[in-house]
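This report concerns only the one structure given below.
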Amino acid sequence: MYEDMERVLIAEDEIARRVRELGAEISRDYAGKELLVVGILKGAVIFMADLVRCLNIPVRLDFMAVSSYGASSESSGVVRILKDLEQNIEGLDVLIVEDIVDTGLTLNYLRENLLTRGPASLKICTLLDKPSRRKVNVQVDYNGFVIPDEFVVGYGLDYDGRYRHLRDILILKRQVYCGKEQRENCT
Ligand code: PRP
Ligand code: MN
Ligand code: MG
């Protein structure tokens, strides 16, 4: 497995430490309230599972799955909902949990969409922020790490559906994805 990897970017213990800090911060901010945590499938599942176990406030969980339309219409920011929330979020304190904000299109869409449903509050927590690729500005309330423009996998993040179960966040070797896909950082 690890022969596909260039190197570890963020090791398991560093992730765990930061997740505990985020959990403490979120618990403080929502003290006395109940939080609905919305995980965005599939990338967010590992982070979400660890994060919610660092919260010492009442919590409920729900999930959404989204997919962006083809690359040609990517800049429009149109996102399709594959699986919607199971509950009405009107009047609830909602926290969206994501693994990474890259172009920002996914979170920008989710934020706009969920705001139309009348939550009491809506905040965003992402483990990773890759600002170099941003197309639309998204206000992130809780962020774990700012990362450089590298293709990262592990801890929920995939390439072609693989590597989500790896415990570290790793930089994928160029040769694994170059040639299969046209990416601007393939040289
Ligand atoms: C990835 C990632 C974020 C999104 C970020 O999900 O998990 O959800 O892309 O990219 P953006 O900021 O450019 O919109 P992906 O669509 O790969 O689905 P997955 O979570 O199932 O891997
Ligand atoms: Mn995702
Ligand atoms: Mg993905």
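This is a predicted model, so every value here is computed, not measured. Order of listing sets the numbers, starting from 1, for every ligand and every atom in it. Index from 1, following the sequence.
Note: an N/O pair closer than 3.5 Å links G104 and ligand 1 by distance alone. Looking at ligand 1, you'll find an N or O of G43 within less than 3.5 Å of one of its N or O atoms.
In terms of heavy atoms, S27 sits closest to C54 at OG-O, 3.8 Å.
One finds no salt bridge joining D4 and K173 here, because no Lys/Arg side-chain nitrogen approaches an Asp/Glu carboxylate oxygen to under 4.0 Å. For the pair E21 and R18, the salt-bridge criterion is met [side-chain N within less than 4.0 Å of a carboxylate O].
More than 12 heavy atoms of other residues, nucleotides or ligands lie within 6.0 Å of CG in D13, so this atom counts as buried by the packing criterion.
Looking at N108, its side chain never comes within 3.5 Å of a backbone N or O of V138 through a donor-acceptor pair. For the pair D168 (side chain) and L170 (backbone), a donor-acceptor distance under 3.5 Å is absent.
With a 4.0 Å heavy-atom cut-off, ligand 1 is reached by the side chain of D99 but not by its N, CA, C or O. Contacts between I100 and ligand 1 below 4.0 angstrom, taking non-hydrogen atoms only, involve backbone and side chain alike. The proximity of E98 to ligand 1, defined as any non-hydrogen pair under 4.0 Å, is limited to the side chain.
Note on the Mg ion (ligand 3): protein N/O/S atoms under 2.8 Å are D158 OD1.
Aromatic ring orientation, F151 versus Y159: perpendicular (interplanar angle above 60°, classes split at 30° and 60°).
The closest approach between any non-hydrogen atom of D158 and ligand 1 is below 4.0 Å. The shortest separation from a heavy atom of R164 to ligand 1 is under 4.0 Å, placing the residue in contact.
Near T103, with a cut-off below 4.0 Å to any heavy atom, the atoms of ligand 1 are 11 (P), 12 (O), 13 (O), 14 (O). Each of the atoms 19 (P), 20 (O), 21 (O) of ligand 1 lies under 4.0 Å from some heavy atom of K42.
Atom CZ of R164 is separated from atom CZ of R162 by 11.5 Å, given to the nearest 0.5 angstrom.
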Extract all donor-acceptor atom pairs below 3.5 Å that involve side chains of residues 92-100 and protein atoms in other chains or at least two apart in sequence.
residue, atom, partner, partner atom, Å
D93, OD1, S121, OG, 2.6

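For the salt bridge (Lys or Arg N to Asp or Glu O under 4.0 Å) test with R134, the passing option among D129, D149, D102 is D129; the others fail.
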